[in-house]
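Predicted model only: the values in this text are computed from it and were never measured. As a basis for the values below, the full set of heavy atoms in this structure was taken, side chains included, without hydrogen atoms, waters or symmetry mates.
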Amino acid sequence: MAKETKLLNGEKTPKLPKAQTKGLKSAETKKLTVSKSRAKKIKHSYKVKDAENALLLKLKDGDVVIEMFADVAPNHVARIKELVRAGFYNGLKFHRVIDGFMAQTGCPYGNGTGGSGKKLKAEFNKMPHKRGTVSMARSMFPDSADSQFFICFADCDWLNGQYTVWGEVSSGMEYVDMIKKGDGANGAVSAPDEIISMSVIADI
């Protein structure tokens with residue numbers, strides 16, 4: 001490899017021009033369009049009960065589909081969809097991940113101290129905390145849930161009735177398992193994985 005790179009020394013390599021799209025408003029940048037028939041096929045491929053109440057969570061290792069329980073946690077589901085549609089979760093870190101327990105995200109500061117600024121009244125329900133359950137994180141106060149949520153790696157019966165369950169992973173749990181685990185205090189993760197994007201499947 002060293003000999004091959006020396007051959008380039010005598011020649012001037014052309015410099016690529018800087019990208020001109022940086023700083024442009026979203027309206028000025030071109031977006032790839034998807035035909036209605038293609039969009040319908042994409043939605044159908046996820047095989048969800050209700051595309052309006054299902055999320056596509058893109059992780060570094062693959063796509064995760066979350067079906068939401070609008071019947072038992074209507075206010076939480078409505079708020080989650082509002083935040084998702086605003087792009088709130090895109091790029092947020094899985095700041096607290098405990099192997100065999102859960103992966104937590106949804107803090108804009110990446111350390112578990114922040115939220116969207118809107119507290120939600122608890123909607124505790126009878127849905128169990130099991131492998132694949134998606135539930136709201138909160139402080140010691142019941143009505144303190146905001147934007148942070150966690151996905152259970154395994155059954156966590158001791159959480160039942162104490163946190164608002166609002167969804168369940170219906171496919172892609174193997175990619176949730178691949179989220180980088182924490183080795184710091186209380187599951188803190190150094191150089192944590194991020195949410196690439198979250199979308200309501202009905203919007204795709």
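At least one side-chain heavy atom of Lys118 sits under 4.5 Å from a side-chain heavy atom of Arg79. Looking at heavy atoms from C-beta onward, Asn53 lies out of side-chain contact with Phe69 at the 4.5 angstrom threshold.
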Subject >> Verdict with reasoning, Phe149 to Tyr89, per ring pair (Phe, Tyr, Trp, His ring centres under 6.0 Å) >> reply: CA-CA 11 Å; Phe149 66 87; Tyr89 289 106; 5.5 Å; yes

Subject >> Verdict with supporting geometry, Tyr163 and His129, side-chain contact (heavy atoms from CB on, under 4.5 Å) >> reply: CA-CA 9 Å; Tyr163 296 82; His129 284 78; 3.8 Å; yes

Original post:
What do the steps show when you test Leu55 against Ile80 for side-chain contact (heavy atoms from CB on, under 4.5 Å), and what is the final call?
Top reply: CA-CA 10 Å; Leu55 302 175; Ile80 292 292; 3.9 Å; yes

**OP:** With side-chain contact (heavy atoms from CB on, under 4.5 Å) as the test, would you mind laying out the steps for Val200 and Lys81 before giving the verdict?
**Re:** CA-CA 7 Å; Val200 176; Lys81 288 194 291 185; 4.2 Å; yes

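Trp158 and Asp155 get closest at one heavy-atom pair: CZ3-O, 4.0 Å. Between Gly115 and Pro108, the shortest heavy-atom contact is O-CG, 3.5 Å. Of all non-hydrogen atoms in Asp146 and Gly117, the two that sit nearest each other are OD2-N, 2.9 Å. Minimum heavy-atom separation, Met136 to Leu120: CE-CD1, 4.3 Å.
Asn125 contributes a side-chain N or O that, together with a main-chain N or O of Val165, makes up a donor-acceptor pair within less than 3.5 Å. Remark: the backbone N or O of Gln148 is not paired with any side-chain donor or acceptor of Arg138 at under 3.5 angstrom. A donor-acceptor distance shorter than 3.5 angstrom exists from the side chain of Thr164 to the backbone of Glu123, with no hydrogens or angles considered. Remark: the backbone N or O of Ile201 is not paired with any side-chain donor or acceptor of Ser199 at under 3.5 angstrom. Between the side chain of Lys60 and the main chain of Met178, a donor-acceptor pair closer than 3.5 Å is present. Checking side-chain atoms of Asp143 against main-chain N and O of Ala122 turns up a donor-acceptor pair under 3.5 Å. Here the side chain of Lys93 pairs no donor or acceptor atom with the backbone of Ala191 at under 3.5 angstrom. In this structure, Thr133 contributes its side chain and Pro128 its backbone to a donor-acceptor pair below 3.5 Å.
For the residue pair Ser144/Ser139, the side-chain donor-acceptor check at 3.5 Å is satisfied.
Under a 4.0 Å N-O distance rule, the pair Asp193/Lys181 does not qualify as a salt bridge. Taking 4.0 Å as the cut-off between side-chain N and carboxylate O, Arg85 and Glu52 count as a salt-bridged pair.
In this structure, Phe101 and Phe150 have tilted ring planes: the angle between them lies in the 30° to 60° band.
The cluster map of Ile, Leu, Val, Met, Phe, Trp and Tyr, joined by side-chain heavy atoms under 4.5 Å apart, puts Leu57 and Met173 in the same cluster.
The neighbour count for Lys130 NZ, taken as heavy atoms of other residues, nucleotides or ligands under 6.0 Å away, does not exceed 12.
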